[in-house]
Amino acid sequence: MEDPQSKEPAGEAVALALLESPRPEGGEEPPRPSPEVSRRRCSCAPLDPSLFLGAQLPGFILGAPRCLVFFDIGKKVSLRISETQQCKFDGQETKGSKFITSSASDFSDPVYKEIAITNGCINRMSKEELRAKLSEFKLETRGVKDVLKKRLKNYYKKQKLMLKESNFADSYYDYICIIDFEATCEEGNPPEFVHEIIEFPVVLLNTHTLEIEDTFQQYVRPEINTQLSDFCISLTGITQDQVDRADTFPQVLKKVIDWMKLKELGTKYKYSLLTDGSWDMSKFLNIQCQLSRLKYPPFAKKWINIRKSYGNFYKVPRSQTKLTIMLEKLGMDYDGRPHCGLDDSKNIARIAVRMLQDGCELRINEKMHAGQLMSVSSSLPIEGTPPPQMPHFRK
């Protein structure tokens, strides 16, 4: 359920990896990027050699506007210098070249960052350097310079993507649980109104088959505002009779956890939760646990905010990450009844499937810590969500 008053941080748009400009003939210096571009793309952090070329590939020297980093197999030396802007392969400087790298936050996928940086170095190699490197890999060395560059780029790209695919298959989630609560509400969403969860849906998405494998749906009986407003009934389609006959939140949460245990989530299978925004967990579940005198469930402390993932991956502003807009931009129509929690969850799952098909690595990007919403760095290893357990009641 979308919170119209939420102030969720927008997903940061990801900048283009490099500004590629071939070096003009005659040794002229290529045009310098504007100071604004340079500032955004400068990175002074030492780089781990294992991130770039792996054990099978040779070392590079990479130079950014303020840093020079050399690495070879098992070695790394970082030198901070003020003016050096160079790119080298195995210690051979590309003459008169300029190289601008980007900060890690400018990329949604580290592997493509590595490929972009490698491509920048290849673009600045001489024909003789290209032939020498191709010969080292026992590749064809005949052809014009552009052909040699393309051949070498394709070789590095293939090596990196093969490594990524192998590591990804071993470490990624087996399942993603999409959750989109519906809660009590009033027209105008007055700030003093206490929201209670009245629908708890879960859609189980198999990341291997990219199919919805199962669903769970239970209505919840509110205990503070027991009578649903006409606005709430019209918006969600949930009737007063449905919530009157429903279990309380602790009872429904126990059913959800039992259902997840039957699916062996967190034990046999690695999984993560996914929501459309941050408010399902940080606001609605957090408030509901306080109302029901439950401790916040540990398995719900981290999740994938698909709006943030969508904005970063497709490089769009926050205003284009609402559910219906995401569907429209991906060429899909909403299927079902808007603001039905289960139908919303199914449509969110469709977006997740399309993003996975497009090569997005959906991963945990938000968490609750000490009662506060926090972001999770995309540079951290992919971690599965712990097995679901019923939280204890507060004393």
Side-chain angles (χ1 to χ4, degrees), residues 1-11 178-201 217-253 256 273 275-297 300-301 303 305-308 311 317-326 334 336-345 347-348 366-375 391 394:
M1 180 174 183
E2 182 173 341
D3 178 6
Q5 290 188 344
S6 72
K7 301 296 183 182
E8 179 201 7
I178 297 95
I179 297 175
D180 192 78
F181 297 122
E182 295 303 321
T184 55
C185 53
E186 288 188 347
E187 191 168 9
N189 195 33
E192 69 278 2
F193 184 81
V194 178
H195 298 278
E196 297 174 83
I197 293 173
I198 54 175
E199 184 185 357
F200 199 139
Q217 182 191 36
Q218 287 275 297
Y219 295 111
V220 184
R221 185 171 76 246
E223 299 184 87
I224 305 268
N225 297 301
T226 57
Q227 291 296 121
L228 302 183
S229 67
D230 292 339
F231 174 79
C232 184
I233 293 171
S234 174
L235 179 71
T236 65
I238 299 171
T239 66
Q240 186 66 47
D241 183 58
Q242 285 173 319
V243 295
D244 286 344
R245 292 186 287 107
D247 292 328
T248 61
F249 180 78
Q251 294 170 316
V252 172
L253 180 60
V256 171
L273 305 183
T275 65
D276 177 32
S278 61
W279 46 85
D280 285 280
M281 300 302 173
S282 66
K283 181 174 181 177
F284 295 128
L285 182 60
N286 194 25
I287 291 173
Q288 185 62 62
C289 286
Q290 294 176 34
L291 295 175
S292 299
R293 302 195 59 77
L294 285 171
K295 292 185 177 180
Y296 192 95
K301 286 188 175 180
W303 61 90
N305 177 347
I306 198 169
R307 293 195 179 200
K308 188 175 287 187
R318 176 187 175 186
S319 60
Q320 294 184 32
T321 62
K322 294 182 179 179
L323 177 55
T324 53
I325 296 177
M326 289 190 288
Y334 188 96
R337 188 193 192 286
H339 298 291
C340 163
L342 183 59
D343 285 349
D344 280 354
S345 299
N347 282 279
I348 297 164
E366 288 186 341
K367 67 179 180 180
M368 288 292 288
H369 179 72
Q372 299 297 316
L373 173 65
M374 299 181 68
S375 293
R394 299 174 186 267

Phe200: ring-ring contact (aromatic ring centres under 6.0 Å, His included) partners, not counting sequence neighbours: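 If we apply the ring-ring contact (aromatic ring centres under 6.0 Å, His included) test to Phe200, skipping adjacent residues, the hits are Phe181.
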Tell me whether Thr236 contacts the main-chain N or O of Ile238 through its side chain, where contact means a donor paired with an acceptor under 3.5 Å.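 A pair under 3.5 Å: yes.
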Counting N and O atoms only, with roles assigned by atom type, does the side chain of Asn347 sit under 3.5 Å from a partner on the main chain of Tyr334, one being a donor and the other an acceptor?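 No; judged by distance alone, with no hydrogens or angles, the pair does not exist.
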From [X] [atom1] over to [Y] [atom2], what is the distance, rounded to the nearest 0.5 angstrom?
X	Y	atom1	atom2	result
Tyr219	Asp241	OH	CG	11.0 Å
Asp180	Asp280	CG	CG	5.0 Å
Lys308	Arg318	NZ	CZ	10.5 Å
Arg293	Phe249	CZ	CZ	15.0 Å
Gln218	Ile197	CD	CD1	13.5 Å
Arg307	Asp276	CZ	CG	4.0 Å

Just do the side chain to side chain contact (heavy atoms under 4.5 Å, CB included) check on Thr275 and Glu366 with the steps written out, would you? CA-CA 10 Å; Thr275 65; Glu366 288 186 341; 5.6 Å; no
Review item, side-chain donor-acceptor pairs of residues 226-233, under 3.5 Å, at least two apart:
from	atom 1	to	atom 2	distance (Å)
Ser229	OG	Cys185	O	2.7
Ser229	OG	Cys232	N	3.0

Considering residues at least two apart in sequence or located in another chain, which fulfil the side-chain hydrogen bond (donor to acceptor under 3.5 Å, both in side chains) criterion with [X]?
X	value
Asn225	none
Gln217	Glu199
Glu196	none
Thr184	none

Only counting residues at least two apart or in another chain, list the ones meeting side-chain contact (heavy atoms from CB on, under 4.5 Å) with [X].
X	answer
Thr248	Arg221, Glu223, Pro250, Gln251
Ala300	Leu273, Met281, Leu285, Tyr296, Pro297
Gln290	Asn286, Arg394

Hey, mind stepping through His195 and Asn189 against side chain to side chain contact (heavy atoms under 4.5 Å, CB included) and telling me if it holds? CA-CA 10 Å; His195 298 278; Asn189 195 33; 3.2 Å; yes
Are any non-hydrogen side-chain atoms of Asp344 and Glu182 less than 4.5 angstrom apart?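 They are in side-chain contact.
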Would you say that Ser282 contacts Met368 through its side chain, given a criterion of any heavy-atom pair below 4.5 Å between the two side chains?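 Yes - at least one pair of side-chain heavy atoms lies under 4.5 Å apart.
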With a sphere of 6.0 Å drawn around CD of Glu187, does it hold more than 12 non-hydrogen atoms of other residues, nucleotides or ligands?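 For Glu187, atom CD is not crowded (no more than 12 foreign heavy atoms under 6.0 Å).
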Run the salt bridge (charged side-chain N to carboxylate O under 4.0 Å, His left out) test against Asp244 and tell me which residues pass, sequence neighbours left out.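 Listed in chain order: nothing, the list is empty.
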Nearest atoms (heavy-atom pairs only) where Val243 meets Pro222: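 Closest approach of Val243 to Pro222, heavy atoms only: CB-CD, 3.9 Å.
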